[in-house]
Amino acid sequence: TCYDARYEFYPEREEVLSAGVFYKYLKNPIEEQVNGNNDRTITNADKCTNYGIELVSIKYYGNFGISANYTYTKSSILQPKTWNLPDANNGLGETIQKIEDRPLAGQSPHLINVALIYRSSNSGFTSQLTYTMQGKNLVNINSNYGLDGYQLAYNDLGASVEKRIFKSMYMYLKGAN
């Protein structure tokens, strides 16, 4: 099940301001899980809900432009996990199942993209400098409560150049860190 609503405004040609909200219900999403012995298996969670907002803006000032978008996603899976209760003598006591509310594997709560653009339609030249930030996300699902592994937020810089050589032939160069 998926619901999506968006408002879009186009102030000029090739420019946009938009805001949207979304909700997704995923039945039996497939994920990789790591157990206490570090063995990996493919499993299905029972269900997952994702919801959030997305903001997008593209604006040009002559040949120069800026493009930006931000997405916030709240992801939730309720999963039973193994929990070892300590006994009074600091040893391992009873083992129980405890429900952990965790995100969908790989789903970052924050995603930011920004691009500075230069383009010249007369010469057929376009260039972009881009920045991307993906927030912390779950990479290792552990069968034990509280032991999931997360990748920290990361940042990426990129650049691209495109040049029209002939009417329908372009040369393209792209790089990222």
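Residues: numbered from 1 along the sequence shown.
Clustering ILVMFWY residues whenever any of their side-chain heavy atoms sit less than 4.5 angstrom apart, transitively, puts Val16 in a cluster other than the one holding Leu55. When hydrophobic clusters are built by joining Ile, Leu, Val, Met, Phe, Trp and Tyr residues whose side-chain heavy atoms come closer than 4.5 Å, directly or via intermediates, Leu152 is not grouped with Tyr154. Residue Tyr60 is not grouped with residue Val114 when hydrophobic side chains (ILVMFWY) are merged at heavy-atom distances under 4.5 angstrom, including chains of intermediate members. Tracing side-chain contacts under 4.5 Å through hydrophobic residues (I, L, V, M, F, W, Y), one never reaches Leu78 starting from Tyr145; they form parts of separate clusters. Both Met133 and Tyr70 are members of a single hydrophobic cluster when ILVMFWY side chains are connected at heavy-atom separations under 4.5 Å.
The shortest side-chain heavy-atom distance between Thr73 and Phe22 falls under the 4.5 Å cut-off. Side-chain contact check for Trp83 versus Leu85: some heavy-atom pair is nearer than 4.5 Å. With a 4.5 Å cut-off on side-chain heavy atoms, Leu104 and Asn137 do not count as touching. Counting heavy atoms from C-beta outward, Leu111 and Glu54 have side chains that stay 4.5 Å or more apart. By the 4.5 Å heavy-atom criterion applied to side chains, His110 and Ile112 are not counted as neighbours.
In this structure, Lys74 forms no cation-pi arrangement with Tyr72, as its terminal cationic atom is not both closer than 6.0 Å to the ring centre and no more than 45° off the ring axis.
Separating the OG atom in Ser127 from the CG atom in Leu173 is a distance of 11.0 Å, to the nearest 0.5 Å. In this structure, the separation between CD on Glu15 and OH on Tyr61 is 7.5 Å, given to the nearest 0.5 Å. To the nearest 0.5 angstrom, Gln128 atom CD is 9.5 Å from Glu162 atom CD. Rounding to the nearest 0.5 Å places CG of Asn69 at 8.5 Å from OG of Ser18. Interatomic distance, CG of Asp148 versus CD1 of Ile141, reported as 6.5 Å (0.5 Å rounding). One finds the OG1 atom of Thr82 at 5.0 Å from the CG atom of Asn144 (value rounded to the nearest 0.5 Å).
Within a 6.0 Å sphere centred on CZ of Phe125, other residues, nucleotides and ligands contribute more than 12 heavy atoms. Atom CD1 of Ile30 sits in a sparse spot, with 12 or fewer heavy atoms from other residues, nucleotides or ligands closer than 6.0 Å. Within a 6.0 Å sphere centred on NZ of Lys47, other residues, nucleotides and ligands contribute 12 heavy atoms or fewer.
Residues Asn63 and Ser120 have side chains that never bring a donor and an acceptor to within less than 3.5 angstrom of each other.
Panel note: side chain Lys81, backbone Gly146; no donor-acceptor pair is recorded below 3.5 Å. Between the side chain of Ser108 and the backbone N or O of Gly135, at least one donor-acceptor pair lies under 3.5 Å. With hydrogens and angles disregarded, a donor-acceptor distance shorter than 3.5 Å links the side chain of Asn44 to the backbone of Asn28.
Taking every heavy atom of both residues into account, Thr130 and Ala159 meet most closely at OG1-N, 4.4 Å. Taking every heavy atom of both residues into account, Leu138 and Gly149 meet most closely at CD1-O, 3.4 Å. Residue Ile77 comes nearest to Pro29 through the heavy atom pair CD1-CG, 4.4 Å, listed as atom of the first residue, atom of the second, then distance. In plain terms, the two heavy atoms of Tyr150 and Pro103 that are nearest each other are OH-CD, 3.5 Å. In plain terms, the two heavy atoms of Leu147 and Asn142 that are nearest each other are O-CB, 3.4 Å. The two residues Glu31 and Ala45 come nearest to each other via the heavy atoms OE1-CB, 3.8 Å.
Screening Glu100, Lys98, Gln97, Arg102 for a side-chain hydrogen bond (donor to acceptor under 3.5 Å, both in side chains) involving Gln79 leaves a single residue, Arg102.
The ring-ring contact (aromatic ring centres under 6.0 Å, His included) check on Phe64 picks up Tyr118, with sequence neighbours excluded. Contacts of Tyr10 classified as ring-ring contact (aromatic ring centres under 6.0 Å, His included), with partners at least two apart in sequence or in another chain: none.
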Practice prompt. Check the pair Asn140, Arg40 against side-chain contact (heavy atoms from CB on, under 4.5 Å), reporting the backbone distance first and the verdict last.
Written response: CA-CA 9 Å; Asn140 289 319; Arg40 297 177 182 276; 3.0 Å; yes
Worksheet item: How far apart are the C-alpha atoms of Lys24 and Thr1, what are their side-chain angles, what is the distance that settles it, and do they pass the side-chain contact (heavy atoms from CB on, under 4.5 Å) test?
Response: CA-CA 6 Å; Lys24 295 179 183 181; Thr1 307; over 6 Å; no
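Listed by first then second residue, pairs satisfying ring pair (Phe, Tyr, Trp, His ring centres under 6.0 Å) with a partner in residues 155-174 number zero, not counting sequence neighbours.
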